[in-house]
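Residue numbers begin at 1 in each chain, while the letters A, B, ... track the order of the sequences. Computed from heavy atoms alone, side chains included, the values below leave out hydrogens, waters and symmetry copies.
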Amino acid sequence: MQVSSASPARDLMLVDLDAFYVSVERARDPALVGRPVIVGGKPSERGVVACASYEARQHGARAGMPLFQAARCCPRDTVFLHGDHRAYVEASRQVMQILGRFTPRVEPLSLDEAYLDLTGCERQAYAKGAVPGWHSWMKTAETIQRTVFEETALPISIGVGPTRTVANVASALAKPRGILEVRANEAPAFLAALPLGYLPGAGPRMRDKLARFNLETIGDLAAVPEDVLASTFGAVGVTLSRRARGLDADLDRAPIGERAPKMRTISRATSFARDTIDPDVVGGMLSYLTQRATAALREERLLAKAVGVTLRYSDFQTVETRRRFREPTACVRQILERVDAIWPKRWDRRVKLRLVGVTLYDVFAEKEHQLDLFESPGFKAARLDERLDDAVDHIRKRHGFGALVRGRATALIERVPRTPHGFRLQTPACSR
DNA sequence: TCTGGGGTCCTAGGACCC
DNA sequence: TCTGGGGTCCTAGGACCC
C-alpha cells in the first residue's frame with residue numbers, strides 16, 4: 001500500500017492484553033488457569049459479562065452478554081467473579097511502564113491496549129542481530145510479549161502495521177498470544193478479505209446500513225468512492241472510507257504519544273437491583289452518584305462546566321438533561337443543587353426507572369482556570385463550601401467514601417461486609 | 001431473569017446575535 | 001413590511017469502543 005508522502009510510513013504496533021480482567025484474576029489466583037472464568041458478576045445478578053476467558057468463549061459466552069445467559073451456556077464449573085477495578089488499573093500501569101522501555105512513544109487507548117510507535121528504532125534492533133536489508137518487527141514483538149509475561153504473567157497479542165488501523169486489525173487476528181505483522185504493501189489485500197466487523201468504527205448499526213448496499217467486506221467498502229460515503233454518512237463515512245483503505249482517520253493522525261489531552265467527562269451511573277418508582281430512592285441514588293462523580297473530579301483537581309442527569313426507564317427508553325454552570329465548578333453543593341433541579345422535571349412518565357446516572361461535562365484542570373472569585377458576590381459562601389468539601393475529601397481519604405455521605409444519599413448506604421472495592425450499595429427496595 | 005458502566009465523537013435543531 | 005443568511009452556543013440523542 002502506498003502511504004501518502006505527507007505521512008511517511010511508520011512502524012506501529014497495537015499491544016492488546018488477552019482477556020484482560022480474566023488474566024489479572026488468574027495472575028492473582030493460579031487455580032483459575034484452564035477453567036472457564038467470567039468477570040462481571042454472579043449469574044443471579046442484573047448485569048452483563050465484562051470479560052470471558054477463552055474457555056468460556058468456546059461455550060458461547062461473550063462480553064456484553066447478560067450474566068444469566070452466560071450461565072446457561074457455560075458448564076457448571078464456570079467461575080463467576082465481580083472483578084476488581086483497582087487491581088486492573090494497577091496491572092495496566094505496570095504493563096504500560098514496561099512498554100515505555102521499548103519506545104517513548106506509547107499511547108494507551110484503554111486499560112488493556114496501547115499503540116507503540118517504533119519508527120526509528122531500527123538501529124537498536126539491527127544491533128541486536130536482525131537481518132539487514134529489511135526489518136521485521138517479529139523479534140521486537142516477541143521480546144515485548146516475553147517481557148510482559150515474565151514480569152506480570154499477563155498474555156498479550158501484538159499487531160504490527162504502517163498505520164493505527166492496520167495494526168489494530170492485525171492485533172485482533174493475532175489473538176490470543178499471537179503476533180501478526182502486516183507490511184505496507186500487503187495491507188490492502190490483507191484488509192480487503194475481512195468482514196466489516198473487523199473495521200474499527202463499523203458497529204452493528206452501521207454494518208446493517210452498509211449491508212443494504214451489499215457491502216459486506218472491508219474491500220467492498222474500500223471500493224466505494226470516499227465522497228459517496230461522505231455524502232451518505234457524513235463524517236463517519238469519511239472515517240470508515242479512510243480506514244477501509246488502511247489509512248488512519250483524522251482522529252488518529254496525531255503522532256503516537258502526542259495526541260493533545262482532551263476535555264473529559266466523568267460519569268457515575270447505576271442500575272437498581274429492581275426497577276423503582278420511589279422518588280426517595282431515585283433522589284437518594286442521584287445524590288450519592290453526584291457525590292461520587294464530584295469526589296472523582298476533586299481528586300484530580302478538575303472543574304466541570306456542565307452536569308447531566310440520565311434516567312433509564314423500565315422499557316429502556318433513556319433520556320438525559322444537561323445544564324451548563326455559569327462558572328466552572330467542583331463544588332458539591334452547587335452540583336447537587338443542579339442535579340436536584342433537573343431530575344424531578346425530567347422524570348415525566350409514570351414508569352419505573354431501572355438506571356440513573358450523573359455526568360460531569362467539559363472537565364478541565366483547575367489550574368487552567370482564572371479564578372475571579374474575589375469579585376463575585378458569593379465569595380464568602382464559596383469559601384465556606386470549599387472548606388467543607390476539603391474536609392470531607394480528607395475524611396474520605398482516611399476512612400473510605402462511605403464514611404461520609406451527604407443528605408438523602410445516607411439512607412441508601414447500607415454497610416454490608418467490606419469488600420476490596422469498599423462499600424456495596426443496596427437500595428431499600430432490595431434490602432431486607 | 002433480557003440488555004453494565006465508563007468513556008469518545010458526531011449531529012441536528014433552536015436560541016441568539018449581527 | 002417582509003425576508004435573508006452566517007456564526008456560535010447550548011441541549012439532546014445516537015453510534016461506537018472496551
Side-chain angles (χ1 to χ4, degrees), chain A residues 14 16-22 38-52 62-73 82-83 85 88-89 92 108-114 164 168 171-172 175 196-210 230 233-240 243 249-252 259-275 289 292-293 296-297 305-326 342 346 354-363 421 425:
Chain A
L14 180 62
D16 196 337
L17 288 132
D18 299 329
F20 179 48
Y21 296 169
V22 169
I38 284 181
V39 175
K42 303 291 175 187
S44 59
E45 292 170 350
R46 183 177 240 184
V48 299
V49 176
C51 181
R62 290 285 176 277
M65 176 183 272
L67 290 165
F68 74 90
Q69 212 173 317
R72 246 189 321 196
C73 67
H82 274 112
H85 191 72
Y88 307 149
V89 170
S92 175
L109 272 190
S110 63
L111 283 185
D112 67 338
E113 302 171 295
R164 282 180 167 89
N168 192 316
S171 82
K175 283 181 164 299
L196 276 170
Y198 281 95
L199 196 65
R205 305 285 168 139
M206 182 52 75
R207 293 205 300 276
D208 277 353
K209 289 183 195 167
L210 295 172
F233 299 113
V236 178
V238 176
T239 294
L240 289 180
R243 288 186 176 152
D250 282 342
L251 287 175
D252 312 320
R259 246 200 276 219
K262 300 251 162 55
M263 277 209 180
R264 297 196 304 131
T265 62
I266 292 175
S267 68
R268 293 293 181 269
T270 200
S271 292
F272 298 109
R274 279 194 207 147
D275 297 355
L289 293 169
R292 285 227 80 125
L297 185 78
K305 292 187 182 174
V307 63
V309 175
T310 301
L311 307 176
R312 177 170 294 155
Y313 292 99
S314 294
D315 58 11
F316 231 71
Q317 190 206 9
T318 308
V319 294
E320 191 194 5
T321 294
R322 304 174 194 170
R323 289 281 175 268
R324 294 188 88 74
F325 298 110
R326 246 181 309 169
I342 292 172
R346 195 66 215 256
R354 62 170 292 134
L355 168 145
V356 293
V358 173
T359 306
L360 299 169
Y361 285 98
D362 291 353
V363 157
H421 10 281
L425 195 64

- Nearest-Å distance, CG (A:Asp275) to P (B:dG4)? 10 Å

- Dot-bracket for DNA chain C, 5' to 3', with Watson-Crick and G-U pairs under 3.5 Å, [ ] for crossing pairs and | for other-strand pairs: what is it? ....||||||||||||||

- Item | Qualifying residues under salt bridge (charged side-chain N to carboxylate O under 4.0 Å, His left out), relative to A:Lys175, sequence neighbours excluded | A:Asp16, A:Asp18

- Message: Counting the atoms with a prime plus P, OP1 and OP2 as sugar-phosphate, which does A:Pro43 contact under 4.0 Å by heavy atoms, base, sugar-phosphate, or nothing?
- Response: nothing

- Note on the structure: Taken to the nearest whole Å, CG/A:Leu109 to P/B:dG6 is 20 Å

- Of the options A:Val356, A:Thr318, A:Asp275, A:Val319, which is the one that meets A:Arg312 in a side-chain contact (heavy atoms from CB on, under 4.5 Å)? A:Thr318

- Query: Can you name the side-chain contact (heavy atoms from CB on, under 4.5 Å) partners of A:Ala52, sequence neighbours left out?
  - Reply: A:Ile38, A:Val49, A:Ala56, A:Arg57, A:Ala61

- Note on the structure: Taken to the nearest whole Å, CZ/A:Arg46 to C1'/B:dT3 is 9 Å

- Task: Go through C:dC18, B:dT3, B:dG5 for me and flag the one nearest to the A:Thr270 side chain.
- Result: B:dG5

- Message: Students often get this wrong, so: under 4.0 angstrom with heavy atoms, is A:Ala63 touching a base, only sugar-phosphate, or nothing?
- Response: nothing

- Under 4.0 Å between any heavy atoms, over every strand shown, what does A:Glu113 touch: base, sugar-phosphate, or nothing? Just pick one. sugar-phosphate

- Message: Applying side-chain contact (heavy atoms from CB on, under 4.5 Å), can you list everything that pairs with A:Phe68, at least two apart in sequence or on another chain?
- Response: A:Pro66, A:Arg72

- Query: Residues in side-chain contact (heavy atoms from CB on, under 4.5 Å) with A:Val89, at least two apart?
  - Reply: A:His85, A:Leu111

- Rounded to the Å, how far apart are A:Gln317 CD and B:dT3 P? 17 Å

- Task: Could you tell me the separation between the NE2 atom of A:His85 and the P atom of C:dC18, rounded to a whole number of Å?
- Result: 16 Å

- Ignoring backbone atoms, establish whether A:Arg354 has a side-chain N or O less than 4.0 Å from OP1 or OP2 of B:dG4. yes

- With heavy atoms under 4.0 Å as the rule, sort A:Thr359 into base, sugar-phosphate or nothing. nothing

- Where along nucleotides 7-17 of chain B does protein come under 4.0 Å, by heavy atom, of base (B) or sugar-phosphate alone (S), with - for untouched nucleotides? SSSSS------

- Note on the structure: Contacts of A:Ala296 meeting side-chain contact (heavy atoms from CB on, under 4.5 Å) (sequence neighbours excluded), chain-then-number -> A:Ile266, A:Arg268

- Task: Identify whether a stacking contact exists between A:Phe316 and B:dT3, where the ring centres must be under 5.5 Å apart and the planes under 30° apart.
- Result: yes

- Among all residues two or more places apart in sequence or in another chain, which pass the salt bridge (charged side-chain N to carboxylate O under 4.0 Å, His left out) test with A:Arg324? A:Asp362

- Would you say A:Ser271 reaches B:dG5's phosphate, i.e. side-chain N/O to OP1/OP2 under 4.0 Å? yes

- Item | Side chain proximity check, A:Arg322 to A:Ile342, heavy atoms < 4.5 angstrom | no

- Task: Give A:Val319 one of three labels, base, sugar-phosphate or nothing, depending on what nucleic acid heavy atoms sit under 4.0 Å from its own.
- Result: sugar-phosphate

- Task: Return the set of residues passing salt bridge (charged side-chain N to carboxylate O under 4.0 Å, His left out) with A:Arg346 (not counting sequence neighbours), or none when no residue passes.
- Result: none

- Atom pair OG/CD of A:Ser171 and A:Glu113 - distance to nearest 0.5 Å: 7.0 Å

- Say you pick atom P in C:dC18 and the same atom in B:dC2; how far apart are they, in whole Å? 28 Å

- Message: Would C:dC2 be called syn or anti here, given the cut-off of 90° from 0?
- Response: anti

- Task: Tell me what A:Met206 touches on the nucleic acid: a base, only sugar-phosphate, or nothing, going by heavy atoms under 4.0 Å.
- Result: sugar-phosphate

- Just call it for A:Leu355: base, sugar-phosphate, or nothing, with non-hydrogen atoms closer than 4.0 Å on any strand. sugar-phosphate

- Query: Just checking A:Arg259: base, sugar-phosphate only, or nothing, at a heavy-atom cut-off of under 4.0 Å?
  - Reply: nothing

- Provide, to the nearest angstrom, the distance between the CZ atom belonging to A:Arg292 and the C1' atom belonging to B:dG6. 14 Å

- Message: Could you tell me how far apart A:Asp315 (CG) and B:dT3 (C1') are, to the nearest whole angstrom?
- Response: 13 Å

- Message: Counting only heavy atoms not in A:Arg205 (residues, nucleotides, ligands), do more than 12 fall under 6.0 Å from its CZ?
- Response: no

- Query: When the nearest nucleotide of DNA chain B is assigned to A:Arg72 and to A:Ala269 on a heavy-atom basis, which residue is associated with the more 5' position?
  - Reply: A:Arg72

- Query: Can you check the A:Phe68 CZ to B:dT3 C1' distance for me, whole Å?
  - Reply: 8 Å

